[in-house]
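What you see is a predicted model, and the numbers here were worked out from it, not measured in a lab. No hydrogens, no waters, no symmetry mates; every other heavy atom, side chains included, goes into these values.
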Amino acid sequence: ALDHLVLTGFLRSFDSKTGILRIDVSTEGCKGLREFKVPDDARDEINSKVINKQFTFQIDSATCERGRVYNIVSGGTR
């Protein structure tokens with residue numbers, strides 16, 4: 001089974017055209033401002049109200065490499 005890394009960070013921006021979230025990740029091993037992609041059907045759930053809110057989410061990888069854009073498989077604001 002594929003391990004999904006669980007990360008926490010603050011959502012800084014969202015591009016609704018591309019589905020790219022920029023999240024300032026605070027989780028050890030993945031710290032810093034990184035980009036993640038949300039599925040098309042989840043784009044409508046993201047709006048300006050969640051910007052700068054803390055966000056806990058899972059990505060489709062067990063590792064977090066700088067410069068790679070990972071897909072978010074589940075998540076939500078706290």
Side-chain angles (χ1 to χ4, degrees):
L2 179 70
D3 279 334
H4 290 164
L5 203 57
V6 177
L7 302 172
T8 298
F10 287 90
L11 181 59
R12 295 303 184 207
S13 66
F14 173 60
D15 184 330
S16 59
K17 285 187 193 68
T18 60
I20 297 287
L21 299 175
R22 297 192 72 191
I23 298 176
D24 192 0
V25 179
S26 54
T27 305
E28 211 54 59
C30 194
K31 280 188 191 288
L33 191 62
R34 293 174 183 266
E35 294 186 342
F36 301 93
K37 195 164 186 351
V38 291
D40 294 351
D41 60 357
R43 289 183 196 179
D44 295 342
E45 296 169 30
I46 296 161
N47 57 42
S48 59
K49 288 194 201 77
V50 297
I51 302 290
N52 293 322
K53 290 264 190 333
Q54 192 171 33
F55 205 70
T56 297
F57 57 101
Q58 286 186 325
I59 61 172
D60 62 348
S61 173
T63 60
C64 180
E65 292 171 38
R66 189 169 287 287
R68 277 193 64 187
V69 176
Y70 294 100
N71 292 301
I72 292 179
V73 292
S74 72
T77 52
R78 284 231 163 120

Nearest-0.5 Å distance that lies between atom OG in S13 and atom CG in D24: 10.5 Å
Show me, pair by pair, the donor-acceptor contacts under 3.5 angstrom made by side chains of residues 68-75, not counting sequence neighbours?
residue	atom	partner	partner atom	Å
Y70	OH	E65	N	2.8
N71	ND2	D60	OD2	3.0
S74	OG	Q58	OE1	3.2

In one Ile/Leu/Val/Met/Phe/Trp/Tyr side-chain cluster, 4.5 Å: V6, F55: no
Disulfide (SG to SG under 2.5 Å) contacts touching residues 12-43 (sequence neighbours left out): C30-C64
Test side chain to side chain contact (heavy atoms under 4.5 Å, CB included) applied to T27 - qualifying residues, sequence neighbours left out: L7, T8, V25
Distance-minimising heavy-atom pair for R22 and L33: NH2-CD2, 3.2 Å
Non-neighbouring partners of F36 that pass ring-ring contact (aromatic ring centres under 6.0 Å, His included), sequence neighbours left out: F57
Where at least one partner belongs to residues 15-34, residue pairs that pass ring pair (Phe, Tyr, Trp, His ring centres under 6.0 Å), sequence neighbours excluded: none
Salt bridge (charged side-chain N to carboxylate O under 4.0 Å, His left out) partners of D41, counting only residues at least two apart: none
Spatial distance of atom CD1 (I46) from atom CG (D15) [nearest 0.5 Å]: 11.0 Å
Listed partners of F10 passing side chain to side chain contact (heavy atoms under 4.5 Å, CB included), at least two apart: R12, Q54
Non-neighbouring partners of D40 that pass side-chain hydrogen bond (donor to acceptor under 3.5 Å, both in side chains), sequence neighbours left out: R43
